[in-house]
Amino acid sequence: MSKVALITGASRGIGKQIAITLAEKGYDIAVNYRDENEDIKPVEEEVKAKNVKFLAVKGDVSVFEETEKFVKDVIENYGRIDVLINNAGITRDTLLMRMKKEDFETVIDVNLVGTFNVTKNVIPYMMKARSGRIISLASVVGIAGNAGQTNYSASKAGIIGFTKSLAKEVASRNILVNAVAPGFIKTSMTDVLKDEIKEEIAKSIPLKRMGTAEDVANVIKFLASEDSSYITGQVINVDGRNAYVICSKDNQHLALLNFI
Ligand code: NAP
């Protein structure tokens, strides 16, 4: 029987690529999306082209009742969830001086509370199966911090603490819990940066380029596989560099220059 992967926020970007990459490995795929729009159709077509099952489940990860419902939908359709990828995430960048309480709360609600909500609903099935993989999208800024992203960095640092703690809670049930911390990855999330800033960022990265969704999805494929069966509670950076340093110019974070 094929293994089942549930990926949140998979209508585009990294989530979409994770769905395609895991489909290539033979997983049956459930993708969560938030808004009713045309985005999900290309994901469906690409996943089905890999000859695996596809299910799209609607729901906002920040609303517990909606996550309860969509996880139930996946179980009713597939009977199991072997791999959960907590990918849904948003930014609301600005300096703390200008940040509204709502900007802080919304980012924490989607990124961190959303990760709790979905995991909380999935974990009973993994506990019963005495097996599972939970992989959450953190970020290098959750480790290093980043001017203009107090809300986002706090949410991603929270995901790292959540990952390390849960890994200890569920290791005895053979459930492995890890996080991936991408650097600058080309998606709609980073498209908002000005071109010259993107060029500066690429120059400052030892590997001399921004990452791709495939770069991230390939590490997630490894963490979902049997090849990573002795790895839990870890955060793996996918950032083209070898230190917790975010590129900076004249002591200003480059991404920050985008909005000051
Ligand atoms: P993206 O292109 O903006 O896509 C984000 C996805 O999350 C979209 O499908 C979006 O759906 C979904 N989403 C947002 N809020 C949601 C909610 N409340 N409920 C359900 N789905 C929701 O972002 P990305 O670059 O692929 O990022 C994916 C993950 O990687 C995020 O957690 C992000 O923080 C993390 N990450 C990205 C980078 C980067 O450089 N791109 C770096 C580090 C970490 P809608 O279409 O409905 O908005």
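What's counted below: heavy atoms across the whole structure, side chains too, no hydrogens, waters or symmetry copies. Whatever order the structure lists them in is the order used to number ligands and atoms, beginning at 1.
Looking at ligand 1, you won't find any N or O of Ile90 less than 3.5 Å from one of its N or O atoms.
When only modelled atom types and interatomic distance are considered, Asp109 and Thr106 share no side-chain donor-acceptor pair under 3.5 Å. Residues Glu36 and Tyr33 bring a donor and an acceptor atom of their side chains to less than 3.5 Å of each other. Between the side chains of Asn174 and Ser131, no donor-acceptor pair is found at a separation under 3.5 Å. Counting only N and O atoms by type, the side chains of Asn178 and Gln234 include no donor and acceptor under 3.5 Å apart. For Thr21 and Gln17, the side-chain atoms include at least one donor-acceptor pair closer than 3.5 Å.
Near Ser139, meaning under 4.0 Å from one of its heavy atoms, ligand 1 places the atoms 43 (C), 44 (C). Within the listing of ligand 1, atoms 20 (C), 21 (N) sit less than 4.0 angstrom from a heavy atom of Asn32. Near Gly13, meaning under 4.0 Å from one of its heavy atoms, ligand 1 places the atoms 2 (O), 26 (O). Atoms of ligand 1 found under 4.0 Å from any heavy atom of Lys156 (numbered from 1 in listed order, with element): 31 (C), 32 (O), 33 (C), 34 (O). Close contacts of ligand 1 with Pro182, meaning ligand atoms under 4.0 Å from a residue heavy atom, involve 42 (C), 43 (C), 44 (C).
Ligand 1 lies within reach of Gly59, whose nearest heavy atom is under 4.0 Å from it.
When non-hydrogen atoms are compared, ligand 1 lies under 4.0 Å from the side chain of Tyr152 (C-beta onward) but not from its backbone. Contacts with ligand 1 closer than 4.0 Å are made by heavy atoms of both the backbone and the side chain of Ile185. With a 4.0 Å heavy-atom cut-off, ligand 1 is reached by the backbone of Ala138 but not by any atom from C-beta on. In Val61, the parts holding a heavy atom less than 4.0 Å from any atom of ligand 1 are both the side chain and the backbone. Residue contacts with ligand 1, taken as heavy atom pairs separated by less than 4.0 Å, do not involve Asn111 at all.
In this structure, the protein non-hydrogen atom closest to atom 42 (C) of ligand 1 is Gly183 O, 3.0 Å. Atom 1 (P) of ligand 1 has Arg12 NH1, 3.3 Å as its closest protein atom, hydrogens excluded (heavy atom only). Scanning the protein heavy atoms around atom 5 (C) of ligand 1, the nearest turns out to be Gly89 O, 3.7 Å.
The option from Asp35, Leu137, Asn87 that lies nearest to atom 31 (C) of ligand 1, judged by heavy atoms, is Asn87. For atom 41 (N) of ligand 1, the nearest non-hydrogen atom from the set Thr187, Asp60, Thr67 comes from Thr187. In this comparison of Ala88, Ser136, Ser62, Ser11, the heavy atom closest to atom 13 (N) of ligand 1 sits on Ala88.
Tested against Asn86, the residues Thr119, Thr8, Asn32 include a single side chain to side chain donor-acceptor pair (under 3.5 Å) partner, Thr119.
Looking at Lys156, its side chain does come within 3.5 Å of a backbone N or O of Leu137 through a donor-acceptor pair. Side chain of Thr67 to backbone of Phe64: a donor-acceptor contact under 3.5 angstrom is found. One N or O on the side chain of Asp28 and one on the backbone of Lys53 form a donor-acceptor pair closer than 3.5 Å. Between the side chain of Asn218 and the backbone N or O of Glu214, at least one donor-acceptor pair lies under 3.5 Å.
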